[in-house]
Amino acid sequence: QVQLVESGGGLVQAGGSLRLSCAFSGRTFSNYAMGWFRRAPGKEQEFVAAINVNGAYTNYADSAKGRFTISRDNNKNTVYLQMNSLQPEDTAAYYCSAGAYGSRRRDYSYWGQGTQVTVSS
């Protein structure tokens, strides 16, 4: 069974940066596309970014374009989300997911427990 463990969340001031990591285990990492989603308080979960199995293709939500970068290291079984120029509206729980390459929840079969990102103004 696939297990996903996120780390790297925390409290940061507006304009700051964080790098989230997601450690994958249980299956062959390079067989899975990876995605990041987030859920802000009182809002539905939304797509943030995705990366295909070998890192050749990425996709971003409009809110993430130009500020966030998704990457993966297939030797370390880890996917990353580098987040720059963070704003208070980026405050959310961030979830790592594994599955097929896409921007919909149903594209992904496995989910982590989430890591909290809080951006203060």
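Atom CD of Q116 has more than 12 heavy atoms from other residues, nucleotides or ligands within 6.0 Å. Counting non-hydrogen atoms of other residues, nucleotides and ligands closer than 6.0 Å to CD of E89 gives a total above 12.
Note on R39 versus E44: no salt bridge recorded, every NZ/NE/NH1/NH2 to OD/OE distance being 4.0 Å or above.
Here the OG-CG distance, from S63 to D90, works out to 7.0 Å after rounding to the nearest 0.5 Å. Going from atom CE of M83 over to atom CH2 of W36 covers 8.0 Å, rounded to the nearest 0.5 Å. In this structure, CZ on F29 lies 5.5 Å from CG on N74, to the nearest 0.5 angstrom. Interatomic distance, NZ of K76 versus OG of S21, reported as 9.5 Å (0.5 Å rounding). In this structure, Y60 OH and K65 NZ are separated by 10.5 Å, a value rounded to the nearest 0.5 Å.
Side-chain contact between L86 and L18 is present, with at least one heavy-atom pair separated by less than 4.5 Å. Side-chain contact between T91 and V117 is absent, with no heavy-atom pair separated by less than 4.5 Å. In this structure the side chain of I70 never reaches within 4.5 angstrom of the side chain of Y80, judged on heavy atoms. Two residues are said to be in side-chain contact when any heavy atoms from C-beta on lie closer than 4.5 Å; Q3 and F24 fail this criterion. A 4.5 Å side-chain heavy-atom check between L81 and T69 finds every atom pair outside the cut-off. Side chains of S30 and V53 form no contact here, defined as non-hydrogen atoms less than 4.5 Å apart. Using a 4.5 Å heavy-atom cutoff, the side chains of M34 and L4 are in contact. Residues Y110 and Q1 form a side-chain contact, since some pair of their non-hydrogen atoms from C-beta on lies under 4.5 Å apart.
Aromatic rings of Y32 and Y108 (six-membered ring for Trp) have centroids beyond the 6.0 Å cut-off, not under it.
Note on V2 and L20: same hydrophobic cluster, where clusters join Ile, Leu, Val, Met, Phe, Trp and Tyr whose side-chain heavy atoms are under 4.5 Å apart, directly or indirectly. Put simply, F68 and V12 are part of the same group of oily side chains (I, L, V, M, F, W, Y) that touch within less than 4.5 Å, one to the next.
When all heavy atoms of Y95 and Q45 are compared, the pair lying nearest together is CD1-NE2, 3.4 Å. Between N59 and S103 the shortest heavy-atom distance is ND2-CB, 4.0 Å. Taking all atoms of both residues into account, the shortest heavy-atom contact from S120 to P88 is C-CG, 4.5 Å.
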inquiry  = Go through it in stages, so that I can follow the logic: the residues are V79 and S71, the test is side chain to side chain contact (heavy atoms under 4.5 Å, CB included), and I'd like the CA-CA distance, side-chain angles, deciding distance and then a yes or no.
reply    = CA-CA 6 Å; V79 63; S71 63; over 6 Å; no
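Side chains of R38 and Y94: a donor on one and an acceptor on the other come within 3.5 Å. In summary, the side chains of S17 and N84 do present a donor paired with an acceptor at a separation below 3.5 Å, with no hydrogens or angles considered.
A donor-acceptor contact shorter than 3.5 Å links the side chain of E6 to the backbone of Q113. Proximity of a side-chain donor or acceptor of S97 to a complementary backbone N or O of G35 within less than 3.5 Å is detected. N52 places a side-chain N or O within 3.5 Å of a backbone atom of Y57 that can act as its donor or acceptor partner.
In this pair, F37 and F47 present their aromatic rings perpendicular. The plane angle is above 60°, beyond the 30 to 60° band.
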